[in-house]
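Worksheet for the structure shown next.
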Amino acid sequence: MSPYAAGRRSVHRSVAAGVPLALLAALTVAGTAVGVPSGEARVTGSATLGDIPLGTFSNALLPGTVGDDRGVDLGGIGSDIYPAGRKGEFWTVTDRGPNGQIKVAGEKRRTFPVPGFDPAIVKIRVSGGTVKVLDAIPITTSSGKPVTGLSNQKGRDEAPYSNDAKTPLSYNPNGLDTEGIVRAEDRSFWLVDEYGPSLIHVSARGKILTRYVPKGLGLTGADYRVVEALPAVLLHRKINRGFEGLAQLPGGDLVMAVQSPLSLPDTDAGEASLTTRLLRFSTKKQAVTAEYAYRFDPVNVVDPSEDDTSELKISSVVAVGRDRLLVEERTDKAARLQVVKLTRGADILGDKWDNDTTSPSLEQLDDPAASGVPVLRKRLVVDLGTVKGVPGKIEGVARVDHDTLALINDNDFGMTDGPEAFDAQGRLVDSGIETTVTYVRLPRGI
């Protein structure tokens, strides 16, 4: 365990300087659900991550990366969760860091209040009502420099700005918006990213070995190996909606989920579509070997309080068999878990649907199956929106055993959008949403 220390000056924080990081978790306990009929999914326990100053966390990994954390605590580790072997221990990964949006002259600008933050792989232990950080691994370039979470390419990614949305920041071709995580048998990690979108192979100590991106992306200037190995159609990913889910099948193949439908042929088509894509990647061949069409349920089925189809996302995929996946469909308020089987007959890789001149596009089809598209068949496992005690914005799902899942939420580092996210002194006005690991028991398993 790394010897972190912490301290924070804030009314609602009470972390004392000099306390080891693994002991910093505040105790927030949500016990076993009561009054839940047998035969229904139920929360059996939850644990919360306490206040760990982001500057202390980051500078302990890579000294000097964060000069001013603006009162932000470690968060965002809910981008994904993956079993680490021992009971109650998991690998998680942060996203790109604290970020928000502020409207200036009618234009939404993406803000990075802590631009020096470096995404990290974080090992945690759930113990009682506490989430403890056991270890953290910074994600670095080939030369050991921080990758940061800043946007990669002008004209393709959102322009980065300071916390008040007034000062432009530099683009960074090394930057990653990390999301899914799995660990390979050789102890290396695989991550996915929303910018490219990309698949990233990372060493056991966090150094990027290869970043796989769509053909034709043209990413230059990165301080690591970049390989254009993914279908070019992925260049049409919606901004900030690249890969978010990543699963590792028993044979070692990976499955990546595009978070939202592609913007094909344009943004309006993608916003209205219910069809997104999953891709299978062979780590041995270093190539995509299959692609699948995945159809969302209507948005008001996933979340009865929502009527905007563009709010649908896939945030997590989990292997539950040789060719079976647990897929999370969600909005920010609700989520449903479905099981699909990846069959050879459902493979559309290299078909006309990978050609961005095909009209109508896959995303435009109201009934893809009627047009001959072999859409993956799915079966509902659990509607998390009906399970009392499950927090919002679940982005990570892990299978603990046949009957139990571990869920983790993304608390966005306690940030909200808009100028009110920071006070007059430029310090964070915390949303009060904490990072929580929640255990859910399924009465019939998966």
Side-chain angles (χ1 to χ4, degrees), residues 1-10 12-13 15-22 24-25 49-79 92-100 110-124 133 135-141 143-152 160-178 195 202 205-208 223 410-416 421-423 425-431 434-435:
M1 181 190 71
S2 302
Y4 302 99
R8 171 67 78 231
R9 304 161 303 282
S10 178
H12 72 283
R13 297 175 174 87
V15 178
V19 180
L21 184 58
L24 286 175
L49 178 70
D51 297 334
I52 302 170
L54 192 60
T56 301
F57 172 83
S58 297
N59 291 328
L61 299 178
L62 294 172
T65 50
V66 173
D68 182 359
D69 63 17
R70 298 190 177 277
V72 179
D73 285 325
L74 174 65
I77 66 171
S79 286
T92 67
V93 63
T94 70
D95 60 18
R96 57 184 164 177
N99 68 92
R110 179 62 59 183
T111 62
F112 292 83
V114 190
F117 174 77
D118 186 63
I121 296 166
V122 183
K123 188 177 184 180
I124 62 171
V133 174
D135 194 10
I137 304 169
I139 301 171
T140 61
T141 68
S143 59
K145 296 179 181 179
V147 297
T148 83
L150 294 173
S151 309
N152 292 166
Y161 283 87
S162 58
N163 72 295
D164 57 5
K166 295 179 180 179
T167 305
L169 302 175
S170 298
Y171 287 85
N172 181 4
N174 293 319
L176 297 175
D177 187 359
T178 43
Y195 284 140
V202 178
R205 295 316 302 165
K207 185 173 292 188
I208 294 178
D223 182 25
D410 180 8
N411 80 327
D412 292 319
F413 292 83
M415 277 199 62
T416 56
F422 294 89
D423 63 20
Q425 287 71 47
R427 314 306 290 172
L428 179 71
V429 179
D430 199 294
S431 68
E434 306 291 350
T435 298

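No hydrogens, no waters, no symmetry mates; every other heavy atom, side chains included, goes into these values. Along the sequence shown, the residues carry numbers beginning at 1.
With a 4.5 Å cut-off on side-chain heavy atoms, P119 and V147 count as touching. Inter-residue side-chain proximity for M415 and L428 is flagged as met; some heavy-atom pair is nearer than 4.5 Å. For the pair I208/T141, no side-chain contact is recorded, criterion being any heavy-atom separation below 4.5 Å from C-beta on. When side chains are defined from C-beta on, R70 counts as touching N163, because their heavy atoms get closer than 4.5 Å. For the pair D51/E434, a side-chain contact is recorded, criterion being any heavy-atom separation below 4.5 Å from C-beta on. Between D69 and P53, the closest side-chain pair of non-hydrogen atoms falls below 4.5 Å.
Of all heavy-atom pairs spanning G149 and F112, the tightest one is O-CE2, 3.4 Å. Taking all atoms of both residues into account, the shortest heavy-atom contact from L74 to L49 is O-CD2, 3.9 Å. When all heavy atoms of G75 and T94 are compared, the pair lying nearest together is O-CG2, 4.2 Å. Across all non-hydrogen atoms, the minimal contact from S170 to P160 is O-CG, 3.9 Å. T416 approaches A421 most closely through the heavy-atom pair O-CB, 3.2 Å. Of all non-hydrogen atoms in P115 and L169, the two that sit nearest each other are CB-CD1, 4.0 Å.
The backbone N or O of T178 lies less than 3.5 Å from no partner atom in the side chain of D95, so there is not a single donor-acceptor pair. The backbone N or O of A165 sits nowhere less than 3.5 Å from a side-chain atom of T111 that would complete a donor-acceptor pair. Side-chain N or O atoms of D410 include none that pairs as donor or acceptor with a backbone N or O of S79 at under 3.5 Å.
For P146, the side-chain contact (heavy atoms from CB on, under 4.5 Å) partners two or more places apart in sequence, or in a different chain, are L62, T65, D118. For F413, the ring-ring contact (aromatic ring centres under 6.0 Å, His included) partners are F117, not counting sequence neighbours.
Rounding to the nearest 0.5 Å places OG1 of T92 at 4.0 Å from CD1 of I77. For the atom pair CG (L176) and CG (N152), the distance works out to 7.0 Å, reported to the nearest 0.5 Å. Expressed to the nearest 0.5 Å, how far CG of L150 lies from CG of N174 amounts to 10.5 Å.
No more than 12 heavy atoms of other residues, nucleotides or ligands sit less than 6.0 Å from atom NZ of K145.
For residues 54-68, the pairs satisfying salt bridge (Lys or Arg N to Asp or Glu O under 4.0 Å) are D68-R427, with sequence neighbours left out.
Put simply, the residue from V72, D73, N59 that forms a side-chain contact (heavy atoms from CB on, under 4.5 Å) with L54 is V72.
The closest side-chain donor-acceptor pair between N172 and T148 falls under 3.5 angstrom.
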